[in-house]
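Encoded as structure tokens, the structure appears first; notes follow it.
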Amino acid sequence: MKDLVFSGVQPTSDIHLGNYIGALKQWTAIQNNHRCLFCIVDLHAITVPQEPKELRENILDAAAAYLAAGIDPKRSTIFVQSEVPEHAELGWILGTVTKMGELERMTQFKDKSGKGGAERASAGLFTYPALMAADILLYDTSAVPVGEDQMQHLELTRVIARRFNERFGNTFQVPAALIQKHGARIMSLQDPSKKMSKSDPSELSKILLSDDADTIRKKIMRAVTDTEGGVSYDPDRKPAIANLMTIFHHATGKTMKDIEGEFEGKGYGDFKKALAEALIEHMAPVTKSYHEYRDNPNALHKLLDAGRETAQALATEKMKLVRQRVGLGR
Ligand code: AMP
Ligand code: TRP
């Protein structure tokens with residue numbers, strides 16, 4: 001059997017360029033030679049408060065975004081996490097082999113618990129990595145394509161898999177993370193020291209999959225640059241321009257060297273203009289097909305129904321083994 005690839009995005013607000021480059025674009029390339037499951041992780045989304053009506057809309061938005069990015073439902077399975085209850089069940093079980101100290105070290109928990117701190121964060125936000133481990137281990141996943149911010153969760157998933165296997169006998173495949181060289185961490189257009197993030201209140205900080213050409217142009221032209229001039233790739237000294245070059249690289253396929261050559265002796269203004277047009281050209285078909293898929297919810301429901309069937313069959317099998325190994329039930 002082909003190696004299985006699993007990944008997911010939370011259905012919380014709009015998908016942005018960081019998600020697209022860091023995750024979705026990578027997924028579409030992988031589906032050509034791997035069996036793939038792409039999940040819409042709604043149980044993870046509710047670890048911070050969600051408006052129920054919006055959550056349901058966001059689930060369909062995510063499905064449309066997966067398709068628009070190029071996920072081919074004939075080759076890959078797209079499904080909703082909560083519709084396969086084994087995810088929650090295995091998440092609970094894995095929570096019992098995960099240590100509090102391990103969860104306390106997760107930077108995403110520290111970031112997301114925010115000002116209120118651990119005292120006010122939900123217990124679900126704390127145990128989030130055990131559920132993520134369940135998503136991955138339930139399908140004997142060998143590789144998980146994600147952005148760099150998920151590396152720590154992936155490491156913990158590997159620890160949990162090994163610990164479970166040692167305690168209960170070999171049950172889970174230990175998965176590897178797949179992280180790209182360029183684009184694993186797209187930064188905010190307004191502050192290159194922060195990652196581009198759904199939760200950033202600044203509209204100018206992120207480009208959304210649903211943005212039209214004028215909006216993309218405006219956001220790129222207003223992006224911050226570095227005090228030191230010149231279009232050259234040096235993430236430490238010139239983080240803002242390195243970020244814009246990474247986006248340019250993904251929009252055009254050009255290498256950093258090509259880009260440096262093309263803009264030698266030119267200013268940031270020229271570079272930004274070229275970047276805006278290249279990005280608009282690259283994103284226009286994606287945005288157009290996003291709206292087409294999104295305007296046909298019946299087709300999305302059908303697709304998610306089929307995806308659930310496929311995922312459910314695999315999950316049912318695996319959980320029988322897990323319950324037996326742990327000694328649950330009779
Ligand atoms: P999330 O929005 O947290 O559900 O993330 C979904 C996927 O997008 C994960 O694989 C993340 O690692 C990836 N991702 C999120 N933000 C970025 C970013 N700024 N740059 C690159 N990848 C990202
Ligand atoms: N935690 C991931 C994020 O916020 C989303 C996610 C949940 C995920 N389960 C997963 C990603 C399993 C990869 C595999 O981006």
Side-chain angles (χ1 to χ4, degrees), residues 7-32 36 38-40 54-80 145 147 180 182-183 186 188-189 196-198 200 202-223 243-254 271-307:
S7 197
V9 171
Q10 301 184 60
T12 48
S13 70
D14 284 330
I15 302 236
H16 57 64
L17 194 63
N19 301 131
Y20 177 68
I21 292 177
L24 299 183
K25 242 187 117 190
Q26 226 201 137
W27 300 358
T28 58
I30 289 169
Q31 68 180 347
N32 296 329
C36 296
F38 297 121
C39 189
I40 299 169
E54 270 173 37
L55 180 57
R56 287 221 154 152
E57 293 299 320
N58 286 340
I59 288 170
L60 296 184
D61 291 351
Y66 287 15
L67 294 169
I71 305 301
D72 174 2
K74 289 199 198 76
R75 275 181 287 178
S76 305
T77 298
I78 302 179
F79 73 106
V80 181
Q180 307 180 93
H182 291 298
I186 299 293
S188 155
L189 298 179
M196 187 178 284
S197 156
K198 288 176 182 162
D200 195 324
S202 159
E203 289 301 325
L204 288 175
S205 73
K206 55 195 164 194
I207 287 171
L208 305 178
L209 218 57
S210 52
D211 281 345
D212 60 20
D214 286 343
T215 312
I216 294 179
R217 199 171 288 120
K218 182 179 90 186
K219 289 178 177 176
I220 293 292
M221 295 316 289
R222 293 220 204 146
N243 188 43
L244 296 180
M245 287 176 77
T246 302
I247 297 173
F248 198 90
H249 158 71
H250 276 277
T252 60
K254 291 177 181 166
F271 173 64
K272 278 184 172 180
K273 268 188 212 135
L275 169 60
E277 296 319 312
L279 189 59
I280 288 166
E281 197 183 317
H282 183 69
M283 295 310 291
V286 180
T287 306
K288 182 164 171 273
S289 83
Y290 170 77
H291 289 297
E292 283 166 7
Y293 285 120
R294 190 62 185 87
D295 289 342
N296 189 355
N298 286 341
L300 293 175
H301 285 302
K302 256 203 186 143
L303 174 100
L304 293 172
D305 286 346

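Within a 6.0 Å sphere centred on CZ of R56, heavy atoms belonging to other residues, nucleotides or ligands number 12 at most.
In this structure, Q180 and T246 have side chains that are not in contact, with every pair of non-hydrogen atoms separated by 4.5 Å or more. Contact annotation: the side chain of I247 approaches that of L189 to within less than 4.5 Å [non-hydrogen atoms, C-beta and beyond]. The side-chain heavy atoms of K218 and D214, taken from C-beta on, include no pair separated by under 4.5 Å. Side-chain contact between K74 and Q31 is absent, with no heavy atoms from C-beta onward closer than 4.5 Å. Counting heavy atoms from C-beta on, the side chains of M283 and L17 come closer than 4.5 Å. By the 4.5 Å heavy-atom criterion applied to side chains, L60 and R294 are counted as neighbours.
Between the OG1 atom in T287 and the NE2 atom in H282 there is a gap of 10.0 Å [rounded to 0.5 Å]. Taking CG from L303 and CG from L67, the interatomic distance works out to 5.5 Å, rounded to the nearest 0.5 Å. Note that CD of Q10 and CD1 of I15 are 10.5 Å apart. Values are rounded to the nearest 0.5 Å. Taking CG of L208 as the start and CD of E203 as the end, the distance is 6.5 Å to the nearest 0.5 Å. Here the CD1-NE2 distance, from I207 to H16, works out to 11.5 Å after rounding to the nearest 0.5 Å. In this structure, CG in L300 is found 11.0 Å from CG in D305, a value given to the nearest 0.5 Å.
Looking at D212 and T215, their side chains do bring a donor and an acceptor atom within 3.5 Å of each other.
For the pair D14 and S210, the tightest heavy-atom approach, listed with the atom from each and the gap, is OD2-OG, 3.7 Å. The nearest pair of heavy atoms linking Y20 to V286 is OH-CG2, 3.6 Å. Between I280 and A213 the shortest heavy-atom distance is CD1-O, 3.4 Å. Nearest approach of M196 to S205, heavy atoms of both residues: CE-O, 3.6 Å. The minimum heavy-atom distance linking I40 with L304 is given by the pair CD1-CD2, 4.1 Å. In plain terms, the two heavy atoms of A223 and L244 that are nearest each other are CB-CD2, 4.3 Å.
Formation of a donor-acceptor pair under 3.5 Å by the H249 side chain with backbone atoms of K254 is found in this model. With hydrogens and angles ignored, the 3.5 Å screen pairs no side-chain donor or acceptor of S76 with any backbone N or O of C36. Under the 3.5 Å distance criterion, the side-chain polar atoms of H250 are left unmatched by any main-chain donor or acceptor of G22. Without hydrogens or angle criteria, Y66 side chain to C39 main chain gives a donor-acceptor distance under 3.5 Å. Without hydrogens or angle criteria, T28 side chain to I71 main chain gives no donor-acceptor distance under 3.5 Å.
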With salt bridge (Lys or Arg N to Asp or Glu O under 4.0 Å) as the test, would you mind laying out the steps for K206 and D200 before giving the verdict? CA-CA 8 Å; K206 55 195 164 194; D200 195 324; 5.7 Å; no
N32/R75 under side chain to side chain contact (heavy atoms under 4.5 Å, CB included): CA gap, chis, key distance, verdict: CA-CA 8 Å; N32 296 329; R75 275 181 287 178; 2.4 Å; yes
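F271 and F248 have tilted rings, their planes meeting at an angle from 30° to 60° on a 0 to 90° scale.
Checked options E277, R217, M221; the residue passing with K272 is M221 (criterion: side chain to side chain contact (heavy atoms under 4.5 Å, CB included)).
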